[in-house]
Amino acid sequence: DLEIPNVGDQAVESEIKISYLNDQLSHLSLNLSSVINRKNLTINKYNSFIERLAELENDKEQNEYHLKVKKKGADEGFAIAHDNCPYCSQGLNDSLLPKDIEIVPMQIEENLEYLKAQINLIKIYINNHISDIDDMEREIERLNNKISETRSSIRTLKTQLVSDNRMPSIEQI
């Protein structure tokens, strides 16, 4: 026959357990706060990447349209399609940079390749952030459950402490 100790016998031990559980609760709450902050930062980065992806895709679309028009013009024999002014035959640039700057801008085809590479990279970042956010949401749920369990244990022990000292220990039952 198992003997169940009464509340009075368990009082000191219960106080120690409550103190330990309160420390654990503080630790869990700090961890929860940290994970929530990291998740919010990750969501902000994710949203920035989504905006950047839209910009890159728009730039890519503009360049594809420009290239299409240029090729169509070349097929039709228009001088402007060969980067020459149709009136004076002076060379034209695809850039708005001043003429005295020595930088050679990327050609449309190079620009398109660059944009496609940037789009692929941003998509990888976006997928990684989605995965990270999912992981953090699972961790938040786990911590919330652990916090609830710990609070419940503390309540049980506190209820026991204010009970009649001769009552059997609820925790032991």
Side-chain angles (χ1 to χ4, degrees), residues 17-156:
K17 283 182 183 174
I18 288 171
S19 176
Y20 168 78
L21 289 172
N22 276 324
D23 288 346
Q24 192 176 20
L25 187 60
S26 293
H27 182 72
L28 290 167
S29 295
L30 282 173
N31 283 350
L32 178 63
S33 178
S34 173
V35 175
I36 289 170
N37 288 337
R38 280 197 342 253
K39 180 185 159 201
N40 289 337
L41 285 171
T42 305
I43 288 171
N44 288 341
K45 284 184 192 174
Y46 168 84
N47 289 333
S48 295
F49 286 137
I50 292 292
E51 287 174 21
R52 182 68 182 131
L53 179 61
E55 291 169 6
L56 287 168
E57 286 179 337
N58 183 49
D59 288 352
K60 181 180 142 241
E61 194 176 295
Q62 295 295 323
N63 277 273
E64 286 171 340
Y65 178 73
H66 186 185
L67 185 61
K68 187 177 180 180
V69 167
K70 195 170 179 175
K71 283 183 178 176
K72 181 72 172 158
D75 292 346
E76 299 292 328
F78 296 128
I80 198 164
H82 298 288
D83 296 325
N84 293 315
C85 174
Y87 299 105
C88 68
S89 298
Q90 182 179 348
L92 297 173
N93 231 338
D94 280 338
S95 171
L96 297 176
L97 293 172
K99 296 221 181 286
D100 56 342
I101 291 184
E102 297 292 319
I103 299 170
V104 178
M106 283 193 275
Q107 296 299 310
I108 297 171
E109 291 88 350
E110 293 171 322
N111 204 19
L112 269 170
E113 289 307 311
Y114 174 77
L115 288 169
K116 287 176 185 173
Q118 289 294 301
I119 287 169
N120 288 336
L121 194 59
I122 290 282
K123 285 181 177 176
I124 290 169
Y125 290 156
I126 288 170
N127 288 333
N128 287 343
H129 279 68
I130 289 170
S131 175
D132 290 347
I133 291 166
D134 288 345
D135 290 347
M136 285 183 257
E137 284 175 348
R138 279 192 295 281
E139 180 65 4
I140 288 168
E141 186 178 342
R142 186 191 72 75
L143 287 167
N144 276 325
N145 289 338
K146 189 73 177 151
I147 286 170
S148 292
E149 290 170 15
T150 305
R151 283 186 176 140
S152 176
S153 296
I154 291 170
R155 271 193 306 277
T156 300

Item to complete: Please tell me if the side chains of K146 and Q24 come closer than 4.5 Å, counting only heavy atoms from C-beta onward.
Response: yes

Worksheet entry | N127 backbone acceptor or donor facing S131 side chain under 3.5 Å | no

Item to complete: Give, for atom CG of N111 and atom CD1 of I108, the distance between the pair rounded to the nearest 0.5 Å.
Response: 8.5 Å

Fill in: R151 and R155, any side-chain heavy atoms less than 4.5 Å apart
yes

Fill in: Spatial distance of atom CD1 (I140) from atom CG (N31) [nearest 0.5 Å]
11.5 Å

Item to complete: Output yes when K60 and E64 qualify as a salt bridge under the 4.0 Å nitrogen-oxygen rule, no when they do not.
Response: yes

Worksheet item: So, the side chain of S29 versus the backbone of L25: is there a donor-acceptor pair under 3.5 Å, distance only?
Response: yes

Discussion item. Determine whether a donor-acceptor pair (N or O, by modelled atom type, separation under 3.5 Å) exists between the side chain of T42 and the backbone of R38.
Written reply: yes

Item to complete: Assess whether atom CD of E137 is packed by more than 12 heavy atoms of other residues, nucleotides or ligands within 6.0 Å.
Response: yes

Discussion item. Taking the side chain as everything from C-beta on, heavy atoms only, tell me whether Q118 gets closer than 4.5 Å to Y114.
Written reply: yes

Worksheet item: Is there side-chain contact between E139 and D135, with at least one heavy-atom pair below 4.5 Å?
Response: no

Worksheet, complete the sentence: Separation between CD1 (I36) and CG (L32), nearest 0.5 Å, reads 4.0 Å

Discussion item. Set out, in order, the CA-CA distance, both residues' side-chain angles and the distance that settles salt bridge (Lys or Arg N to Asp or Glu O under 4.0 Å) for R138 and E141, then state yes or no.
Written reply: CA-CA 5 Å; R138 279 192 295 281; E141 186 178 342; over 6 Å; no

Fill in: CD1-CG distance between I119 and L121, expressed to the nearest 0.5 angstrom
11.0 Å

Fill in: Separation of N63 CG from L112 CG (nearest 0.5 Å)
5.0 Å

Item to complete: Kindly compute the distance separating CD (Q107) from CG (L67), expressed to the nearest 0.5 Å.
Response: 10.5 Å

Worksheet item: Is H129 reaching over with its side chain to a backbone N or O of Y125, donor-acceptor style, under 3.5 angstrom?
Response: yes

Worksheet, complete the sentence: Closest non-hydrogen atoms of I122 and F49, given as atom of the first, atom of the second and distance, are CG2-O, 3.5 Å

Worksheet item: Would you say the side-chain atoms of T156 pair up with the backbone N or O of S152, donor to acceptor, closer than 3.5 Å?
Response: yes

